[in-house]
Amino acid sequence: MPEQHDNRPDPARGPQPSGPDAQRSSRDPGRYDFAAIEALWQKFWQDNKTFRIGNPGAPDFDAGRPKRYILDMFPYPSGAGLHVGHPLGYCATDIYARYSRMKGFNILHPMGYDAFGLPAEQYAIETGVHPAETTARNIDNMRRQLKLFGFSYDWSREMATSTPEYYKWTQWIFLQMFNSYYDEAVWTDPNGRLVRGRARPIAELIEQLEANKIGVDDALDLVRNPADQPHRKWADLSVSERDTVLNRQRLAYLDEVPVNWCPALGTVLANEEVTSEGRSDRGNHPVYRRPLRQWMLRITRYAERLLEDLELVDWPEPIKLMQRNWIGRSKGADVDFAVASGSVDAPVVADYEAWTKERAGRGLPGKTEDFVIRVYTTRPDTLFGATYMVLAPEHPLVGRITTAEQRADVERYVETARHRSDLDRTADTREKTGVFTGAYAINPVNEQRIPIWVADYVLMSYGTGAIMAVPAHDTRDFEFAKTFDLPIVPVVQPDETWLHEQILRGAIDEEYCRKIRRPNFKEEVLDSASRAAGIVGGITAQNASALIDGDDSWINQVAMPAYAENPAVFSEAFTGEGLAVNSGTFNGQTTAEFKENITMWLNEHGVGRGAVNYKLRDWVFTRQRYWGEPFPILHGPGGQTRGLSESDLPLELPEVEDFKPAVSHDKDALPEPPLGRATEWKTVEIDGATWTRDLNTMPQWAGSCWYYLRFIDPGNAERFCDRAAERYWMPIDTYVGGAEHAVLHLMYARFWHKVLYDLDHVSTAEPFTTLINQGMIQSFAYSDKRGINVPVDEVEERPDGTFVDRRSGEPVVQAIAKMSKALKNVVNPDDVIAQFGADTFRCYEMFMGPLEASKPWNTRDVPGVHKLLNRIWRLVVDAGTNELSPALSDDPPSDEALRILHKTIKKVGADIEEFKFNTAIGQIFEFVNVMTPLDKRPRRVIETFVLVVAPFAPHLAEELWSRLGHDRSLAYEPWPQYEERLARDETVEIAVQINGKVRAKIMASADADSKTLEEAALADPKIRQALEGKKIRKVIAIPGRLVNIVAT
RNA sequence: GCGCGAGUGGCGGAAUUGGCAGACGCGCAGGACUUAGGAUCCUGUGGGGAAACCCGUCCCGGUUCGAAUCCGGGCUCGCGCACCA
């Protein structure tokens, strides 16, 4: 707890207003001079370090108090500064923090800057100004703006991710990942939960390798049980082989992954930056998909835990759902398909019978043989319907199994696919393309030879990059099979409702019917359906309803046979569940039974097993940029990698003259990132050998993955943060930010946190207990009849509610949109504060509506809130004299005054706890509405009310508190208590309904029971009149609410 | 296409989660005080009707004594994912 703040500012000595206001102030000495008041108190808070908080162990720190860690998502210091959207969340957390302080919590409420990033670098490329310089300037401006709002941050903890003191620890955490592997064993975590798998120091793995408890196979993958499997010993491996083995286990590892490479821009582009023509969004240069050696983070190992632990946090359900979808867990089976003998020159299963015999009883091998295609499916129950296979164009087997006759076609196809961007491949058109490889595989369940195709609708990045195609029951396979005339065998009986709907919707593929020379198929089906249902004249609008309501036998007589004969005549595949058909001994089983049984069968025969898959991919962690954290890594002469030791951190960003990426017109040229120009920095001599530094930088997410930990102990030079302080402050109780970070930032930060947790560096499994997403602040935008945007401040509303361009008088139309320069509807917080003050800004944004909702800024509404603050001011200060208002009275407060006060304390407190600030301010309005007309205002009531207002309008509240005679800041005054008895009305109005319609209102005591209410209601003259001649059937009386009389 | 969320006066939004729809604010109308007001204060303000009353929470249907709220179907808007096998 900070010590008492006793330097009470004297308002008379505070900054004196000047300019046009000064004149008015001489006539209105006691007016609400927000500018002076806000400057005064901001200086006071700063001088007195009012909001500074220590850590456990500090002399003035009371560790006995409960804590709240209240955090905003920190901003990127852009050149444009804060827009009105930023402070929305900041105001909310500040109100909550100020309130919580008054409630007696120790509050950690810090602010900083996510300062590495592209805009500063882009600016440097264009102007030559160093990003550090731009960033520092932008931070200064943003700090200035943040301070204008009077946020109660502990500014001593301010920091930026781009300083070496900070990124030293970003690099350190990266090294933790580099020096760790994922051990799959189940363990009990420090919180007593059973968890499968955790990060462990890679030194532990090396120990086991050295002790020969773990071996290595020919492909340099781990052999877990070297006792009964052939393997190589660690001692016999070369340096680079060892490096490869470890690289495959590290949580931060190097891998060749396909990226969008633009040689002309000298950089990798995100999918979003590539046009559908496969060219760069900026500059229209060609883009190639090429494998590039990248740093990767093995987040996929954490997929299950990231999914499961969503149960531990209190987040908005939609955000949890987005994370679940992003992780994309699915359950199914891996199945091995042997490439058929004689179909290709490559090694194949010469003797399928012997091969199956050999596999039976042994389980699925960890790795596939050369001549085996492994697929993943969520529907192993449809295996009998797998009539062909598809490999992704990038699948390594494509080149090997393609027959000589098909080679030219396949190669051409693969090359085209390489040039299509991911975006294009997944674009809406989705026309199915593909080429037959000439090879066949054997379906393990029925030993049928099925053709193997290459098609780009199969993605190398999901599952195994190969699928078994079941055209009858998968939408994509269905389309593909129809395009290329592949057989479609139904193996799941569609349910009647589905068939019913297909026929009635006329979902029959007429084009396909013409193709198979049955052009009248649709009519045939519909006719016989109608006939079976006893309807004459085919299916018309009237007859359709007869079909719906009538006899369903036509489904079994007509639709089922039509489907069984050829499912392709329908427009859609049946992808639902149902009973198995055409599936040998499995016929008749339900989908669920079948899945279970076939998985067992596959297991027994050594051709498959149950499997779980995730959409989540490992995180590409490399950027070919300058303005980011350098990797603390050295590359050796033999291609081996080594991490810097902790004592060599931070590895500082070198100075370079030119920030432009190296540009080339050779698509195969290797990129040289800007760091390559730091010739001195680039290389290091170790024992006579030359090692090279990694020339890439980390992505912008890196710094924000752990900043919340640094806030706990930002000055610590020995550790990323003090252990005891971490244990006290973590987890973050309340985290507020935009929903745009629902997936990436929040997922990445949770991942890093779990790694640190596994390695015993932090004490909680999850970093963010409660998450709140503030909505977007939109703005009205106006456009004239030519569609040209008209600046907001040039638009005038006319009495009839229409809008005109003030300059031309032409009508304009109003729309609600994001704020943007192009729409000329940006609102600058600096302007609003200058005109109305920070307290007004804070209250206005909170009053706009629910925090989570997107809502339009409407400058017209701001004066209303300003007026509220003005009225509060005048409850205390006399406008004419600048003295305390003569209406303030020391007489005992009236019941009315007490009731509104206690109601207000109760409502505002409850609303703040629930982040419902809009209704809290509504209640403050009500208090002022009741208090204003009173000619005697009880001083104690007003004083208490000032405390209630303080979290929302802290400058105003401090000033009034001070004028009311208090000599210390109210920041740590206890939040007032309310008495339930006083917060309740004694008598309430009760609505009396007859048959649900209000017919009368009666006054009753608030705690009158049902019986009393019923009697009072029936005694009411209006009710008696309305009930005349009617019989009362029932009376429902809800105490405190209403009475409903049911009468006929 | 799949998933999620939301539709309430002229506008922003309330409604104890099934109990008087429209709290509070803006805007608008009228009034008071003022040399003046973009200040302040008071009154009114969902629609229709002279009134008694009637109609009203996107639309249609249902459950219930009672529905903005729950259920079924549909429409519109916003967001997320998008050939994930």
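Chain A is the first sequence line, chain B the second, and so forth, proteins listed ahead of strands; every chain is numbered from 1.
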Backbone N/O of A:M776 and side chain of A:S854: donor-acceptor pair under 3.5 Å = yes
May I ask you to verify if any side-chain N or O of A:Y376 is less than 4.0 angstrom from the OP1 or OP2 atom of B:A85?
-> no
Residues A:R329, A:E304: salt bridge by 4.0 Å N-O rule | yes
Atom pair distance, as rounded to whole Å: CZ in A:R999 and C1' in B:G19 | 17 Å
Euclidean distance for P, B:A23 against B:G12 (whole angstrom) = 15 Å
Would you classify A:R871 as touching base, sugar-phosphate or nothing, given that sugar-phosphate means primed atoms plus P, OP1 and OP2, and contacts are heavy atoms under 4.0 Å?
-> sugar-phosphate
Polar pair under 3.5 Å, donor/acceptor by atom type, side chain A:R874, base B:U40 | no
Nucleotide N/O of nucleotides 6-11 of chain B paired with protein N/O under 3.5 Å:
unit_1: B:G10; atom_1: N2; unit_2: A:R860; atom_2: NH2; d: 3.3

Grab the CG-P distance between A:L934 and B:C42 for me, whole Å please.
-> 11 Å
Have a look at A:F847 and say if it touches a base, only the backbone sugar-phosphate, or nothing, with a 4.0 Å heavy-atom cut-off.
-> base
Could you work out which one of B:C24, B:G19, B:C55 sits closest to the side chain of A:K997?
-> B:C55
Between A:Y844 and A:W857, what is the ring plane arrangement, given parallel below 30°, perpendicular above 60°, and tilted in between?
-> perpendicular
Ranking B:G80, B:A85, B:U16 by distance to the side chain of A:T377, first place goes to B:A85
Atom pairs, protein N/O to nucleotides 61-68 of chain B N/O, distance under 3.5 Å:
unit_1: B:C65; atom_1: O2'; unit_2: A:N1044; atom_2: ND2; d: 3.3
unit_1: B:C65; atom_1: O2; unit_2: A:N1044; atom_2: ND2; d: 2.7

In terms of side-chain geometry, is the basic nitrogen of A:D1009 or A:K1011 positioned less than 4.0 Å from the acidic oxygen of its partner?
-> no
Which of B:C26, B:C24, B:G12 is nearest the side chain of A:K855? It is B:G12
